[in-house]
Novice: 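Structure in structure tokens, see below.
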Amino acid sequence: MPAETPKTGTEQMIRLLTSLTACFWAALSAPGVADDLSALARLEAEGSAVIDTAEGTEVTLALTQPVPWRLFTVDGPPRLVLDFRSITQFADVAVTSTLASGPDIGLSADGWSRLVFALSEPAAVGTAAMARRDDGGALVSLRLHPTDAATFRETARVLPEAAGAERQGDKSRPVVVLDPGHGGIDPGAEAGGLNEKTLMLAFARELEETIIRGGLFDVALTRDADEFVPLETRISRARAAGADVFLSLHADELPEGAGAASGITVYTLAETASDAASRRLAERHDKNDLLTGVSATGPGDEIALVLMDIARTDTTPRSAALAATLKSAFRAEDLALVGRPLRSAAFSVLKAADFPSALIELGFLSSEKDRARLTDPVWRQAAVRAIEAALVQWALDDAAQAPLRRR
Ligand SMILES: [Zn+2]
């Protein structure tokens, strides 16, 4: 019976009796800093349930590790809200209750992930606790029982507008735009019977599926076919999709002079490249555009350039944080990175000023080792998991930073 409280002294346990209005935080373990992706937790289906019992409705949530959390009730209509720090994946919770339904999952305005249960009538939270399990996981247990509307109204909060998980309107979830590199007459790198354009489209679709299943983001692709899309068009398609974050996916050949490297590289935009190989890589991508008859740079519009520079003072640090979080997430999944995996160059596809972006080289198609990884479903799943975890962690950190950014 998962809701039972462990009694042994070795189990660190926090039990908090809460009143209706209680908003509490249980930090059983130090919350991970942004770049410690091993600290990310998941909500698991096994051991999680919402059931009606004689003593009330029991909500049990199994987490892979303890995280800071809080709960409160909301009126109009009645809901139970649970916020968690550092949970990046939410499995479906089996809910068989006449009182509670859902949950809806979203990012809360202050950068936590949020579960919202709809309540069929006003309900009070009895006991609520997070207990550490023997296997290192954690169990959230709480009990709800119906109460009268006046008591509920007194104690329930009013959520500010845009407070996540409501899924109303068009734009309740952040939009991730995935950009599978190359396409159509531009195959990208070709080696060992593989080509970059096909591999990246397949990878983007796998990543899209996983991110959508996570329920925290909407996803759009800059191309969903073997189609040539100019670099500037990729940005305008991302913008049209309402991009909040942009990830370009590549697996190029090893640039000449880069040595015998293999592994993942994460690039951000910079006018001056971090190294010669990165500069050549960015130039080659622009050249592919030019070869197909598209000019990568339009006529200089100085006012537009100045405005873009102003916007970039916001997006540049956000892109850098995204790249750093990606790097940590790849590390946490034990995926091989190149030496100095964070690099920068003047990639045209990263030049959007209005949303943060990064370019991931998932490997070098010229490397036999990387080709084996890129075609291994297990490796690809690990890479997909890492990118999804990084997006969630980054979005949470980014939302928390938002009030500090100048408007
Ligand atoms: Zn490429």
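Residues take their numbers from the sequence shown, with the count starting at 1. Note that ligands are numbered from 1 as they come in the structure, with each ligand's atoms numbered from 1 the same way.
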Novice: Taking the side chain as everything from C-beta on, heavy atoms only, tell me whether I235 gets closer than 4.5 Å to F355.
Specialist: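 A side-chain contact exists here, since the closest heavy-atom pair is under 4.5 Å.
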
Novice: Listed by chain and number, what are the salt bridge (Lys or Arg N to Asp or Glu O under 4.0 Å) partners of R331, not counting sequence neighbours?
Specialist: none

Novice: List for me each residue that meets side chain to side chain contact (heavy atoms under 4.5 Å, CB included) alongside D224, sequence neighbours excluded, and say none if there are none.
Specialist: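 Result, side chain to side chain contact (heavy atoms under 4.5 Å, CB included) vs D224: L201, R205, L221.
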
Novice: With a 4.0 Å cut-off, would you call D226 and K197 a salt bridge?
Specialist: yes

Novice: Are any of the side-chain nitrogens in E333 or R380 under 4.0 Å away from the carboxylate oxygens of its partner?
Specialist: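 Looking at R380 together with E333, the answer is no, because their closest N to O distance does not fall below 4.0 Å.
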
Novice: Return each pair, listed once, that meets ring pair (Phe, Tyr, Trp, His ring centres under 6.0 Å) where at least one residue sits in residues 180-202; pairs must be two or more places apart or across chains.
Specialist: H182-H250, H182-H285

Novice: Ignoring water, what protein N, O or S atoms are under 2.8 Å from the Zn ion (ligand 1)?
Specialist: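 Protein N, O or S atoms closer than 2.8 Å to the Zn ion (ligand 1): H182 NE2, E196 OE2, H250 ND1, D252 OD1, D252 OD2, H285 NE2.
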
